[in-house]
2 protein chains.
Amino acid sequence: MVVRLADVAREAGVSPATASRVLNGSSRSPAEAIAEKVRRAAERLGYFPNAQAQALARSSAGLVGLIVHDIADPYFSSIAHGVQHGLHGSGLRVMLSSTDRDGETEMEAVRAFMSYRTEGIVLAGSRTVDGDEPLIAAVETYRKNGGKVIMIGQPLPGTLGLSVDNRGSATELVRQLVELGHRRFVILAGDMNLVTVKDRHAGFIEGLDEAGLSALAVLPGVFTRDGGLEVMTEYLDASGAEIAQGQICVLAANDVMALGALTAVRRAGLRVPQDVALAGFDDIATLEDMIPSITTVQLPLDSMGEQAALMLLGAEDAASVRVIDGTPVLRESTTFCP
Amino acid sequence: MVVRLADVAREAGVSPATASRVLNGSSRSPAEAIAEKVRRAAERLGYFPNAQAQALARSSAGLVGLIVHDIADPYFSSIAHGVQHGLHGSGLRVMLSSTDRDGETEMEAVRAFMSYRTEGIVLAGSRTVDGDEPLIAAVETYRKNGGKVIMIGQPLPGTLGLSVDNRGSATELVRQLVELGHRRFVILAGDMNLVTVKDRHAGFIEGLDEAGLSALAVLPGVFTRDGGLEVMTEYLDASGAEIAQGQICVLAANDVMALGALTAVRRAGLRVPQDVALAGFDDIATLEDMIPSITTVQLPLDSMGEQAALMLLGAEDAASVRVIDGTPVLRESTTFCP
DNA sequence: TATATCTTGGAAAGCGCATTCCCACCCACT
DNA sequence: AGTGGGTGGGAATGCGCTTTCCAAGATATA
């Protein structure tokens, strides 16, 4: 039922070897007359090479794995977009795994990618402070078997990847906010078990330290929009007094949490930035259309995805890590209102 | 270097056949004692099955293709999330292709998925009014070769999929807006070559017709946030007089265009909804945190992705099409201000 | 005890293709 | 005319696994 290379060869009156050489980029290319016959035959029969068979014969599958926490989260979908873009034209296809932040699902994805003999895998934002040894071990196995691993966020020592300077950028953001006049900070931390969160948190603290300040509160929670909404709502419920004393400035561990917090503040009948100033992290695309515009630390998400793809394509076998600096962007949401 | 099944078999002192039966779900399962030996050997050696070889031998690859226009667009990323979710636990892996709205890239993806012998492919929002014959032909070929095709949006006659009632929902939205008091409508149409856009547009027109109205303007453009921004900006520049006469109501073909338009309106120094009321379509997640809240037609995006996945998994060979109705949700952005 | 029926493990034949040899042939040069 | 190099096509092997098909042992039936 399905047309195979051998069928094409027979139809064209040549050997399978020749047909193969014509239809796929071989180093040897048959005479044009023959080639044309083969191409016509393939066309006539509607031949499609079997990628599995090719993969097996070439021992290379033409696949790249991409693991993200949640493809519906703009942070990850931007990165995914960049990866696709960077891979365009390379002939590589991406296998996607959106893990819903579940470690087991993540491991499963790594195992699957190992089985599918993907050329490499891009791992976005997966490092945890505690308990990612299994993941690291799996990744190590994968590398030993010849796969490349590109980590976005915090590369493992000795691997390729993009290292986001979460801590430094966070500190810089706080510096600028202090400069503006802010003194009363609340940290909306997210899941403190994520290295990204930990680093950003550490950066916030460092910035505060420099100014001789300390946070009014550090609120852990889920690293999502709903997490931000929930935690902020609880805080506002419990800390009316705090707010009454004057403007506070909320440092959210990422933009989606900041958006959740924004809504929490509004539901509480408070104003941004007059009562509660608000800063996020990542600069996801949707911030552009928010009123007030939201202060954040800008990360070149799309470009990061693309760079990761290029590192995968590139020949850099050495453990090369590129550092990505975030740029604080002060917008209306953190206007200082004494 | 890489451990093969044969290595495991040798290590365990059994034949490859037996090892295969133990390690992968075969209908025959060897005695427990033997099985245990094999499992231990596999563990010891760090064996990972070669999925390509399995695919070849079984002639089934365990893959599903997903084609979207732009994975960074919340509409598609929500659907992608739903698809992943629906596939979870099925053992199927998804190959993603984000085509950046390029027909050629889309075709390439279909061809690749054909080559990879994916069990099926989910195609989101790809139908065009004009010029998608090649795509349709490719999809047809794919189906003839035994693949399932699930289309989200407008299924082809005779295929599986989710049919979104764009037209009906659009009409209903206009009805409700007219009910509210709106009379002066502008349609922000997007790329009129997309069937989705055409249908929504037709629905808007029908709604207006019913009320004996016609649109002040129909503005085609690119079906993205930037497209919305650009087109709206141009319109506002050109039509100051129109606006001066009183509130207009902009019907955007989707939410991201509406968000772009929102920003255009603000940049022009006008207010939403007092000067320009605004309605979108899709109900993407980020609308939740907008002020003013944005009127839209709610579509269960995540669930749609999941349903598509389930249709793929399901045994429904018959051409079954499920109709998805959109629900107009009136919010602050369309408050009527006489 | 002899024969028929199950089990169970193994041998071997693919799955569809790439690729290494190998051979036949042609051209050029001496 | 003879040799060497070059070119172009085909036979055959192997990629790693699944799955018949077989045979031998175990169990059951008469």
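Because the structure is predicted, anything quoted here is derived from the model rather than measured.
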Q: Give the rounded distance in Å between these two atoms: CD of Q52(B) and C1' of dA18(C).
A: 15 Å

Q: Using the closest heavy atom to pick a nucleotide of DNA chain C for each, name whichever of R117(B) or A17(B) lands nearer the 5' end.
A: A17(B)

**Q.** Nucleotide nearest N24(B) when distance is taken to its side chain, options dC17(D), dT18(D), dG16(C)
**A.** dT18(D)

Q.
I'd like to know whether R39(B) forms a salt bridge (charged side-chain N to carboxylate O under 4.0 Å, His left out) with E43(B), so could you lay out the CA-CA distance, the side-chain angles of the two residues, the decisive distance to 0.1 Å, and finally the verdict.
A. CA-CA 6 Å; R39(B) 267 184 242 114; E43(B) 173 73 18; over 6 Å; no

(Q) Considering every strand and a 4.0 Å limit on heavy-atom distances, what is the contact class for P49(B): base, sugar-phosphate, or nothing? (A) sugar-phosphate

Q: Answer with yes or no whether R21(A) presents, from its side chain, a donor or acceptor under 3.5 Å of a partner atom in the base of dG10(D).
A: yes

Q: Before giving the answer on side-chain hydrogen bond (donor to acceptor under 3.5 Å, both in side chains), spell out for Q307(A) and R322(A) the whole-Å C-alpha distance, their side-chain angles and the decisive distance to 0.1 Å.
A: CA-CA 9 Å; Q307(A) 289 183 51; R322(A) 196 163 310 160; 2.9 Å; yes

Q. E32(B) has an atom CD; how far is it from atom P of dT7(C), in whole Å?
A. 18 Å

Q) In whole angstrom, what separates Q54(A)'s CD from dG16(D)'s P? A) 16 Å

Q. Taking the nucleotide of DNA chain D with the closest heavy atom to each, which residue, A57(B) or T18(A), is nearer the 5' end?
A. T18(A)

Q) What nucleotide among dT18(D), dG16(D), dA11(D) has an atom nearest to a side-chain atom of S15(A)? A) dA11(D)

Q: Answer yes or no: does a side-chain N or O of S20(B) lie under 4.0 Å from OP1 or OP2 of dC17(D)?
A: no

